[in-house]
Amino acid sequence: MSSQLQAPKGVAEYVPPESEAFLTVREALCEPARNAGYKYVELPIFEDTALFVRGVGESTDVVSKEMYTFDDRGGRSITLRPEGTAGVIRSTIEHSLDRGQLPVKLWYAGPFFRAERPQRGRYRQFFSVGIEAIGGDDPALDAEVIAIANEGFRSLGLRNFRLELTSLGDSNCRPAYRIRLQEFLSRLDLDPETRDRAALNPLRVLDDKRQSVIDQVVDAPLMLDHLCSACSHHFAEVRSYLEVLGIEYSLAPRLVRGLDYYTRTTFEFTHAGLGAQSAIGGGGRYDGLMTTLGGQDLSGIGFGLGVDRTLLAVQSEGIVLPPRNPLAIFIVALGSEAKKRAVLLAGEIRTAGIAVDLSYGDRGLKGAMKAADRSGAHFSIVIGERDLEKDTGELKNMQSGVQETISLATLIATIKARLL
RNA sequence: GUGGGUGUAGCUCAGCAGGUAGAGCGCCGGGUUGUGGUCCCGGAUGUCGCGGGUUCAAGUCCCGUCACUCACCCCA
């Protein structure tokens with residue numbers, strides 16, 4: 001056992017039957033974006049380390065202690081992407097996608113990597129679906145992004161998720177607020193570690209889960225109360241659009257994101273069934289990121305949704321996802337001549353776009369029928385030596401048990417008709 | 001990175017005054033010589049996570065380690 005190879009620590013693997021649910025969840029999360037005009041981007045899984053250091057922020061936990069960074073053979077520092085937004089912005093600038101009509105609307109899906117201590121819902125390789133709308137200040141765009149995430153979760157049948165919303169202000173009003181908050185925090189009795197955090201990213205202290213800290217920050221000044229008029233107006237517009245859309249949310253003035261680039265509208269979707277790692281998706285506006293990465297001064301907004309966690313949420317609510325690609329028919333051949341006919345038939349049926357499987361090996365009829373049953377096929381067809389002369393088979397509806405003799409020559413047409 | 005819990009068949013778990021392993025489900029076969037899902041009968045599979053220690057004897061006690069898990073932290 002000690003020599004048994006196993007997957008690296010902290011990675012999630014999806015194998016049948018769970019892997020089918022994983023695909024369903026991932027597609028459900030992508031679908032609303034495609035319906036809203038977002039175009040697909042396929043980006044590298046590793047990037048120049050400097051992209052994340054500059055984009056995500058050197059002081060963030062993600063960059064300072066959670067990245068998989070290594071030197072490639074040319075001595076370049078490479079990092080496995082810990083999030084998606086920085087890469088999308090880099091690619092947008094590199095390919096001048098922002099030189100045409102705005103906003104540029106993009107979506108992506110794939111694996112991301114963070115070297116954290118694994119636990120339920122937190123993996124070292126995890127899967128996200130994300131979108132970015134670049135080059136638009138319109139509050140309606142903020143609402144659209146939130147609505148797309150909401151629709152993804154809703155379409156899976158999820159009910160026990162919440163949307164938390166706030167505004168983090170911008171370069172105009174946040175610095176002043178930050179100083180005000182730091183002054184407040186400096187008067188509190190905090191441990192050294194928290195004190196350091198207060199100096200580096202004071203907002204983060206408001207999000208502390210320890211009761212001793214929570215008690216001390218109840219009266220802390222909140223960003224929402226100190227927004228400049230432009231930010232305040234923008235946030236009010238976003239809220240009014242959400243109301244029009246009928247999307248419920250709760251204001252979370254203490255909501256903080258761990259990535260430095262967020263400004264203004266910021267949100268998080270959480271689910272109660274996951275334990276401590278409750279965020280199933282999150283995102284927000286990042287009005288300065290593009291210039292930070294060397295592009296023109298365009299704002300943007302986007303989200304990242306956790307496929308792994310959304311799957312956990314689906315499971316925790318006991319939602320049964322519909323099967324994917326159910327087999328239309330399962331062929332049972334008796335004898336070597338019948339087997340040849342069955343193999344040929346299966347190829348023809350697949351070419352016609354119909355899902356079919358067949359019994360392999362030397363199983364008896366009983367065992368083969370059992371396999372047909374397990375396969376979930378709508379129909380089974382038994383082809384034995386005695387049927388071969390007439391080129392017929394015994395077609396059975398697996399649900400009703402009704403069986404009839406039908407011609408193999410017209411099998412495809414028969415199946416199509418029966419499946420309607 | 002810090003602390004707590006767990007680790008026995010493919011899965012869920014039982015076994016503990018220390019005496020070299022069991023159940024249910026699943027899987028395979030038979031009852032039904034060409035028919036599944038119910039029922040009945042039978043069968044296969046474990047270096048009891050790994051390494052070391054105590055003991056005549058360790059799945060059971062001790063230590064270490066790895067993995068999983070929960071919380072802190074952080075976030076998807």
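Lettering of chains follows the sequences in order, A, B, ..., and the numbering in each one begins at 1.
The partner of B:G7 is B:C66, by the rule that a Watson-Crick or G-U pair needs both atom distances under 3.5 Å. In this structure B:C61 sits in a base pair with B:G53, meeting the Watson-Crick or G-U test at under 3.5 Å. Under the Watson-Crick or G-U wobble criterion, with both distances below 3.5 Å, B:U47 is left unpaired in every strand shown. Across all strands shown, B:C13 is found opposite B:G22 as a Watson-Crick or G-U wobble partner, with both distances under 3.5 Å. For B:G42, the paired nucleotide is B:C28, the pair qualifying as Watson-Crick or G-U wobble because both relevant distances are below 3.5 Å. The partner of B:C72 is B:G1, judged by Watson-Crick or G-U wobble contacts that both fall below 3.5 Å.
For the P atoms, the distance linking B:G19 with B:C61 amounts to 11 Å, nearest Å. The separation of B:C62 from B:U55, taken at their P atoms, amounts to 16 Å, rounded to a whole angstrom. Rounded to whole Å, the P atom of B:A57 lies 24 Å from the corresponding atom of B:U47. Only the P atoms considered, B:G31 is 38 Å distant from B:U20, to the nearest whole Å. A distance of about 15 Å separates the C1' atoms of B:A14 and B:G46, rounded to the whole Å. B:A9 and B:C63: their P atoms are spaced 24 Å apart (whole Å). Atom P of B:C68 sits at a distance of 41 Å from the matching atom of B:G30, rounded to the whole Å. Rounded to a whole angstrom, the distance from the C1' atom of B:C11 to that of B:C72 is 32 Å.
Nearest heavy atoms, A:D260 versus A:R174: O-NH2, 4.2 Å. Nearest heavy-atom pair across A:E20 and A:R324 is O-CD, 3.1 Å. In plain terms, the two heavy atoms of A:G302 and A:F267 that are nearest each other are O-CZ, 3.9 Å.
The separation between A:K9 atom NZ and B:G7 atom P is 18 Å, rounded to whole Å. Between A:L274 atom CG and B:A71 atom P the separation is 10 Å, expressed in whole Å. A:I331 places its CD1 atom 16 Å from the C1' atom of B:U35, with the value rounded to the nearest Å. Residue A:E268 contributes atom CD, which lies 9 Å from atom C1' of B:A76 at whole-angstrom precision. Between the CZ atom of A:R374 and the C1' atom of B:G36 there is a distance of 8 Å, rounded to whole Å. The CZ atom of A:R197 sits 7 Å away from the P atom of B:C73 (whole-angstrom rounding). One can place CG of A:D207 at 10 Å from C1' of B:C74, the figure rounded to the nearest angstrom. In this structure, CZ of A:R124 is placed 12 Å from P of B:U69, rounded to the nearest angstrom.
Contacts of A:F127 with the nucleic acid, taken as non-hydrogen atoms under 4.0 Å apart, are absent. The residue A:D387 sits close to a base: some heavy atom pair falls under 4.0 Å. Here A:G84 lies out of heavy-atom contact (under 4.0 Å) with every strand. Contacts of A:E66 with the nucleic acid, taken as non-hydrogen atoms under 4.0 Å apart, involve only primed sugar atoms and P, OP1 or OP2. Residue A:G121 is classed as a base contact, given a heavy-atom separation below 4.0 Å to a base. Across all strands shown, A:I280 has heavy atoms under 4.0 Å from sugar-phosphate atoms exclusively, and none from any base. Counting any heavy atom pair closer than 4.0 Å across all strands shown, A:G364 reaches no nucleic acid atom. Backbone-only engagement by A:R363 is indicated by non-hydrogen atom pairs under 4.0 Å involving sugar-phosphate atoms exclusively. As judged by a 4.0 angstrom heavy-atom cut-off over every strand, A:Q125 is placed among residues making no nucleic acid contact.
Note on A:D142 versus A:R264: no salt bridge recorded, every NZ/NE/NH1/NH2 to OD/OE distance being 4.0 Å or above. Under a 4.0 Å N-O distance rule, the pair A:R162/A:E164 qualifies as a salt bridge. A:D225 has no carboxylate O lying under 4.0 Å from a charged side-chain N of A:R180, or vice versa, which leaves the two without a salt bridge.
A close approach under 4.0 Å does occur between a side-chain nitrogen or oxygen of A:Q119 and OP1 or OP2 of B:A71. Between B:C72 and A:R117, no contact under 4.0 Å exists linking OP1 or OP2 to a side-chain N or O.
When each of B:C74, B:A76, B:G36 is scored by its nearest atom to the side-chain atoms of A:Y123, the top-ranked nucleotide is B:A76. When distances are taken from the side chain of A:R122 to each of B:U35, B:C73, B:U69, the shortest belongs to B:C73. Out of B:C73, B:C68, B:U69, the shortest distance to the side chain of A:R120 is found at B:U69. Checking B:U35, B:C72, B:C74 against every side-chain atom of A:A276, the shortest atom distance belongs to B:C72. Among B:A67, B:A76, B:G36, the nucleotide with an atom closest to any side-chain atom of A:D373 is B:G36. Comparing atom distances between the A:R114 side chain and each of B:C72, B:C74, B:A76 picks out B:A76 as nearest. Closest to the side chain of A:E116, out of B:A71, B:C68, B:A76, is B:A76.
Between A:F269 and A:F153, the gap from one ring centroid to the other is short of 6.0 Å. Aromatic pair A:F22/A:F127: ring centres closer than 6.0 Å.
The residue among A:E83 and A:V11 whose nearest nucleotide of RNA chain B lies closer to the 5′ end is A:V11. If A:S128 and A:L365 are placed on RNA chain B by their nearest nucleotide, the residue sitting closer to the 5' end is A:L365.
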*Candidate pair A:R374 and A:F330, rule side chain to side chain contact (heavy atoms under 4.5 Å, CB included), full reasoning*: CA-CA 10 Å; A:R374 308 275 159 78; A:F330 190 98; over 6 Å; no
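Side-chain N/O atoms of A:K396 and base N/O atoms of B:G36 include a donor-acceptor pair closer than 3.5 Å. Judged by atom type and distance alone, A:K370 does not reach the base of B:G29 through any side-chain donor-acceptor pair under 3.5 Å.
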